[in-house]
Amino acid sequence: MEKRTQWNLWYVVLAILGILVLQSFVQQWQQVQPLPYSEFLQELEKKNIKEIAVYADHLEGTLNQPLPDGRTRFATTRVELDLARDLAQYGVRFTGVIQSTFLRDMFSWVAPTLVFFAIWMFVIRKMVARGGLGGGLGDGLLSIGKSKAKVYVESDTQVTFEDVAGVDEAKAELEEIVDFLRDPAAHNRLGAHIPKGILLVGPPGTGKTLLARAVAGQAGVPFFSINGSEFVEMFVGVGAARVRDLFEQARQRAPAIIFIDEIDALGRARGAWGGLGGHDEKEQTLNQLLAELDGFDPRQGLVLLAATNRPEILDPALLRAGRFDRQVLVDRPDKHGRVQILQVHIKRIKLAAGLDLAQIAALTPGFTGADLANLVNEAALVATRRNADEVTLADFTTAIERIVAGLEKRNRILNPQERHIISVHEMGHALVAMSLPGLDTVHKVSIIPRGIGALGYTIQRPTEDRYLMTRQELENKMAMLLAGRAAEMLLIGHPSTGASDDLAKATDIARSMVMRFGMDATLGQVAYESPPSPFLGPLSEGMDMGGRQFSPDTAREIDCAVRALTEAAFQRATELLTQRRSVLEEGSRLLLARETLTEDDIMALVQPAAPSLQPGA
């Protein structure tokens, strides 16, 4: 309706302009050919003037006898001041005519108005195009309350469950939603109804958005996609209006799916900051969303999907039963899932024959789907850079090193003393890692600087995915981390700053063992550290901002226990390296000469001297 009203206004403007132009043509058509004033005086003396009309600036009249060209009407510019006397002298009948200036005056008002209106419309169009006011040109300022959701139909999403890999459990949960959207009656026959809302929870890059689009593409229903931050504008009440408009559009096109990405921007817990101030506009938008979730009937075929990687800050009212009934975890894929994801992404690259994807998956623990997609692209770029015809395992290894450790900094010049310390440090890590059971296999050792601060690195390859660790395995990991410092003390005689990151990681493990895992016999089976939750309500009594819930005496015991664990791990690493000092010296010299040693190089180095250095021995 608003758009038709705007076009009718333009029709009126065009009609007025047409009338003015037509009137101008008529006036020009009615004008007679002008007659010089001197000839007019001659005809006046001849008494050939029959009658005359006097205007302010010209004269028009008719002749008794036609001119040589056959004209009987004439017009001439008025120049004589005593014209009336002359006309009366020759007996000519003359009259005064009042010229109408209505159209001219009206046009003098209409033209500036039209110009101003055109400039105003041009400025508004530019602001709308840049997103300053939102909506289309026909909506203008009133469009700020309209939903900005992008609507996709089945042909637009172009994503199905075949394009999603590595999240089999989440796919199984959502297949029920697809079946309901395809055949709602079959699911309602026993009185059950589909969950109103499904919250996809997981770390960034695990494929939550892709999974939601796959549900829409698999079901073949309209898909309304919007980000949580798009509900909030500078105007009060706009967010609530957009929530209402979004659900109204979805109802009109049901069955449909509404997907709100990053819902934590919209559904943050109300009053989370106590007396530090609130956000009334965000709370009003959240209240409207809660009302809409309570108001629609799921039997209509309307499903709300949302995604977040921060579920702990969401409002409890949003997560209660009847609103978001189901939470689906989209976690980092395991080794088998990583193989499936790699199979999806390698379709667009030319892979070397016989390449085992399980080897690549074993080198990428903790990688998400987005990380693996980036890995495949980086490997293809590495192969392209060396003008290869196909992507090999070496290209994937180089890409993993670049992602994990950073870009090689070969132009970072190190003096011989620094290179010697780094080679000793990294070889200490490698030897202890191969000596202790339960640690990942050493894949590569290098003293080539990478990234911002890494002067060398040791890459380990896990043999399997691990979900829990024993006390002994944690102590072995601490010993491996402190082995670099132990090697420096053993061969060089003094420590360096290169072990700063190792010390921080080992200290974190020791503190977690004492405060979270209850692995210290003196302190007992008590958790002294609770997960911080500054967003969900006020702090508990007796708990400070750091989450401390123990006495100063206990804090001293904790510090002593952490120091004892790290010191024991350091002594253990020192003992292992002292027993294999010759291998450490030879390995550091070889690493200094080659700069990079692979797993085969290290095994060839340690096997003749100490067969017990086999992994897991």
Side-chain angles (χ1 to χ4, degrees), residues 401 404-406 408-410 412-436 439-460 474-511 562-599 601-603 605-606 609-610 612-613 615:
E401 293 176 3
V404 174
E408 282 189 358
K409 299 289 184 181
R410 290 186 176 271
R412 185 179 296 170
I413 305 300
L414 303 177
N415 60 51
Q417 178 65 17
E418 289 176 335
R419 287 169 53 84
H420 176 59
I421 294 175
I422 296 171
S423 65
V424 171
H425 183 102
E426 297 301 332
M427 186 53 62
H429 284 309
L431 290 181
V432 173
M434 299 181 69
S435 302
L436 296 176
L439 295 180
D440 299 330
T441 304
V442 177
H443 179 65
K444 179 180 287 189
V445 181
S446 176
I447 60 172
I448 299 175
R450 282 183 177 269
I452 298 176
L455 301 179
Y457 61 94
T458 300
I459 295 181
Q460 295 176 264
L474 290 173
E475 291 176 343
N476 291 344
K477 188 171 183 180
M478 291 173 57
M480 187 274 297
L481 288 171
L482 297 176
R485 169 63 62 86
E488 293 177 12
M489 296 295 294
L490 186 62
L491 295 188
I492 300 174
H494 52 80
S496 70
T497 60
S500 60
D501 186 61
D502 299 329
L503 293 174
K505 291 180 179 178
T507 304
D508 288 341
I509 294 176
R511 191 167 295 276
V562 170
R563 184 164 57 249
L565 286 172
T566 55
E567 185 64 26
F570 178 77
Q571 294 299 330
R572 189 179 186 192
T574 302
E575 293 175 3
L576 290 172
L577 293 177
T578 301
Q579 297 172 6
R580 300 161 178 84
R581 178 165 183 161
S582 60
V583 180
L584 176 63
E585 293 175 347
E586 179 64 25
S588 62
R589 285 194 294 267
L590 186 64
L591 180 60
L592 189 62
R594 297 187 184 180
E595 292 188 336
T596 299
L597 296 179
T598 63
E599 179 182 356
D601 296 331
I602 300 174
M603 293 299 298
L605 177 68
V606 301
S612 62
L613 288 180

Of all residues at least two apart in sequence or in a different chain, which pass the side chain to side chain contact (heavy atoms under 4.5 Å, CB included) check with I509? L474, K477, M478, L481, M513

Taken in chain and number order and not counting sequence neighbours, the residues that satisfy side chain to side chain contact (heavy atoms under 4.5 Å, CB included) with A487 are V424, L577, L584

Among V432, N476, L482, the one residue meeting side chain to side chain contact (heavy atoms under 4.5 Å, CB included) with R572: N476

Excluding sequence neighbours, so at least two apart, what forms salt bridge (Lys or Arg N to Asp or Glu O under 4.0 Å) with E575? none

Please output the side-chain donor-acceptor pairs of residues 562-569 that fall under 3.5 Å, not counting sequence neighbours, one pair per line with the distance.
| from | atom 1 | to | atom 2 | distance (Å) |
| --- | --- | --- | --- | --- |
| T566 | OG1 | V562 | O | 3.2 |
| T566 | OG1 | R563 | O | 2.9 |
| E567 | OE2 | Q571 | NE2 | 2.9 |

Could you measure the distance from the [atom1] atom of [X] to the [atom2] atom of [Y]? Nearest 0.5 Å is fine.
{"X": "L597", "Y": "L590", "atom1": "CG", "atom2": "CG", "answer": "5.0 Å"}
{"X": "T497", "Y": "I421", "atom1": "OG1", "atom2": "CD1", "answer": "8.5 Å"}
{"X": "R589", "Y": "R594", "atom1": "CZ", "atom2": "CZ", "answer": "13.5 Å"}
{"X": "E426", "Y": "L592", "atom1": "CD", "atom2": "CG", "answer": "12.5 Å"}
{"X": "Q417", "Y": "I422", "atom1": "CD", "atom2": "CD1", "answer": "10.5 Å"}
{"X": "M427", "Y": "E586", "atom1": "CE", "atom2": "CD", "answer": "9.5 Å"}

On a heavy-atom basis, which atom in G428 and which in A483 lie closest, and how many Å separate them? O-CB, 3.4 Å

Which atom of G498 lies closest to which atom of H425, heavy atoms considered: O-CE1, 4.0 Å

Test V445 against H429 for side chain to side chain contact (heavy atoms under 4.5 Å, CB included), laying out the working first. CA-CA 9 Å; V445 181; H429 284 309; over 6 Å; no

In terms of side-chain heavy atoms, does S423 have a donor or acceptor partner in S588 at a distance below 3.5 Å? no

Could you work out, with side-chain hydrogen bond (donor to acceptor under 3.5 Å, both in side chains) as the rule, every residue matching S500, not counting sequence neighbours? none

Would you check, one step at a time, whether the test side chain to side chain contact (heavy atoms under 4.5 Å, CB included) holds for R419 with E595? CA-CA 9 Å; R419 287 169 53 84; E595 292 188 336; 3.4 Å; yes

Please collect all salt bridge (Lys or Arg N to Asp or Glu O under 4.0 Å) contacts where either partner lies in residues 487-509, sequence neighbours excluded, each pair once. D501-K505

